[in-house]
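Everything on this sheet refers to the single structure shown next.
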Amino acid sequence: MKMVMATKNTHKIVEMRALLEGLDMEVLSEADVDLDIEVEETGETFEENSLIKAKSVMECTGLPAVADDSGLCVTALGGGPGVYSARYGGEGLTDKGRYELVLQNLKGQLDRSAKFVSVITACFPNGKVITARGECPGLITYTPRGDGDFGYDPIFLVPEKRKTFAEMTGEEKNAISHRGRAMAKFREELGEYLKEL
Ligand code: ITT
C-alpha cells in the first residue's frame, strides 16, 4: 500500500518517515506524487486541522494520506500558540522569530509549563479514518538551547532528560515526543485496520 504524507514541513517529513518505518507501506511525500496544493487550516482544534489536511490530500491523489497537526501549548499564554503555532506573530516571522516571541511574551513569568501536541490522521479512499493524539509535557527555557532548527525545539525542555528537543538526536526526540507518541498509537490502530482488509 502507498501512503502520502500530507505535509509541506520538511522537518515533519524527516520525523514522520522515521516513525512510519517498518510498516508494510510505501511512504511518499507530496513532492513524490507531484502534488502542490495549499490547504487552508480553518479548524479550531488539532483534530479538525489534521483531518482537513489528510482528507484534502487523499481526495487530490486518490491515495491514502496521513497528516500531522501539531503545536506548542503554553500554560501562561492561555494554551497558545496552540493550533496557531505555525502562524504565531504573523506570516512574516521565521521559526526563530516565533520562538523568540514566545520567550519575550513569557518575560518575568515563572510558570514555564507547556506541552507539545500532535494529532495524526490518516484518510483512506474508502472513507476509513484513523486518528491518534500524542502529548509531551515540558518547560519553556529562558534562553534557546541546541542546534536543532525545527520550530520551537530550542526552547522546549524535557526535564527528565535535562535537554531541549533541539539538543536531542532525532531518535531521542522521536522516542518521547508528541509526534512519536501519537505515531505509536496510530501504528497500533493502523495495524488492526490492515488486518481487517
Ligand atoms: P503542515 O501543515 O504542512 O504539516 P506546518 O508547519 O504548517 O506544516 P502545523 O500547521 O501542524 O504544520 O504547525 C505546527 C507548528 O508547530 C510547526 O510549524 C512548528 O512551529 C510547531 N511544531 C510542531 N511540532 C514541532 C516539533 O516537533 N518541534 C518544534 N516545533 C514544532
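- Counting all heavy atoms, side chain and backbone alike, C73 lies closest to G82 at SG-CA, 4.0 Å.
- Contact check for R187 versus L23: side-chain heavy atoms found under the 4.5 Å cut-off.
- Atom CD1 in I120 sits 7.5 Å away from atom OG in S70 (nearest 0.5 Å).
- Closest heavy-atom contact between C123 and V129: SG-CG2, 4.2 Å.
- In this structure, I130 CD1 and L194 CG are separated by 7.0 Å, a value rounded to the nearest 0.5 Å.
- Each of M183 and V14 belongs to its own hydrophobic cluster when Ile, Leu, Val, Met, Phe, Trp and Tyr are linked at side-chain heavy-atom distances under 4.5 angstrom.
- The number of heavy atoms from other shown groups lying within 6.0 Å of CD (E135) is above 12.
- R112 forms a cation-pi arrangement with Y142, by the criterion of a distance under 6.0 Å to the ring centre and an angle within 45° of the ring axis.
- Put simply, the side chain of P154 does not reach to within 4.5 Å of the side chain of T164, judged on heavy atoms.
- One hydrophobic cluster, built from ILVMFWY side chains closer than 4.5 Å, cannot hold both M58 and V4; they sit in different ones.
- Nearest approach of F124 to P64, heavy atoms of both residues: CD2-CB, 3.8 Å.
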Audit row: I176, E160, side-chain contact (heavy atoms from CB on, under 4.5 Å) steps and yes/no: CA-CA 11 Å; I176 55 161; E160 310 87 79; over 6 Å; no
Trace of the side-chain contact (heavy atoms from CB on, under 4.5 Å) decision for V74 with Y152: CA-CA 11 Å; V74 181; Y152 301 91; over 6 Å; no
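- Here the side chains of T131 and L51 are not in contact, with every heavy-atom distance at 4.5 Å or above.
- Across S118 and D68, no two heavy atoms sit closer than the pair OG-OD2, 2.8 Å.
- Hydrophobic cluster membership differs between I37 and M3, with clusters built from Ile, Leu, Val, Met, Phe, Trp and Tyr side chains linked at under 4.5 angstrom.
- In this structure, the side chain of S56 does not engage the main chain of V39 through any donor-acceptor pair within 3.5 Å.
- Taking the six-membered ring for Trp and thresholds of 30 and 60 degrees, F156 and F165 have ring planes inclined between 30 and 60 degrees apart.
- For N126, the CG atom is densely surrounded, since the number of other residues' heavy atoms within 6.0 Å is greater than 12.
- To the nearest 0.5 Å, the span separating CZ on F150 from OG on S177 amounts to 9.0 Å.
- K2 places no side-chain N or O within donor-acceptor distance of the main-chain N or O of L63, the cut-off being under 3.5 Å.
- Between the OH atom in Y193 and the CG atom in L197 there is a gap of 4.5 Å [rounded to 0.5 Å].
- Of the residues listed (R145, K173, H11), the one engaging D153 in a side chain to side chain donor-acceptor pair (under 3.5 Å) is K173, and it is the only one.
- Proximity of a side-chain donor or acceptor of R133 to a complementary backbone N or O of A182 within less than 3.5 Å is not detected.
- F116 and V102 fall within a single hydrophobic cluster, where Ile, Leu, Val, Met, Phe, Trp and Tyr side chains are chained together by heavy-atom contacts under 4.5 Å.
- Using a 4.5 Å cut-off on side-chain heavy atoms (C-beta onward), V33 and V57 make no contact.
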Could you walk me through whether D95 and R98 pass the side-chain contact (heavy atoms from CB on, under 4.5 Å) test, one step at a time? CA-CA 5 Å; D95 278 8; R98 277 187 283 274; 2.9 Å; yes
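- Annotation: side chain of E172 is not in contact with side chain of K161 (no heavy-atom distance under 4.5 Å).
- Cluster membership for V27 and F186, using ILVMFWY side-chain heavy atoms within less than 4.5 angstrom, is shared.
- Scanning all heavy atoms of the two residues, the minimum distance from T143 to L103 falls at CA-CD1, 4.3 Å.
- A salt bridge is absent between K185 and E188: the closest approach of a Lys/Arg side-chain nitrogen to an acidic carboxylate oxygen does not fall below 4.0 angstrom.
- A donor-acceptor pair under 3.5 Å is absent between the side-chain atoms of S113 and the main chain of T75, judged by distance alone.
- At a threshold of 4.0 Å, the pair E59-K55 counts as salt-bridged, since one of the basic side-chain nitrogens sits closer than that to a carboxylate oxygen.
- Taking both residues in full, the closest heavy atoms of F46 and V119 are given as CB-CG2, 3.6 Å, listed atom of the first, atom of the second, then distance.
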Could you walk me through whether V66 and L20 pass side-chain contact (heavy atoms from CB on, under 4.5 Å), step by step? CA-CA 10 Å; V66 59; L20 286 165; 4.2 Å; yes
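- Two residues are said to be in side-chain contact when any heavy atoms from C-beta on lie closer than 4.5 Å; D32 and S29 meet this criterion.
- Without hydrogens or angle criteria, T7 side chain to I13 main chain gives no donor-acceptor distance under 3.5 Å.
- Residue L28 holds its CG atom at 11.0 Å from CG of D34, rounded to the nearest 0.5 Å.
- Contact check for V158 versus M168: side-chain heavy atoms found under the 4.5 Å cut-off.
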Under the criterion salt bridge (charged side-chain N to carboxylate O under 4.0 Å, His left out), I'd like the reasoning laid out for K12 against E15: C-alpha separation, chi angles, the key distance, then a yes or no. CA-CA 5 Å; K12 276 192 198 177; E15 292 188 7; over 6 Å; no
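- The line from OG1 of T94 to NZ of K96 is 7.0 Å long, rounded to the nearest 0.5 Å.
- Side-chain contact check for L35 versus C60: some heavy-atom pair is nearer than 4.5 Å.
- Using a distance-only test at 3.5 Å, with no hydrogens or angles considered, a donor-acceptor pair links the side chain of N49 to the main chain of G43.
- Of the listed residues (E30, K53, M16), just one forms a side chain to side chain contact (heavy atoms under 4.5 Å, CB included) with M5, and that residue is M16.
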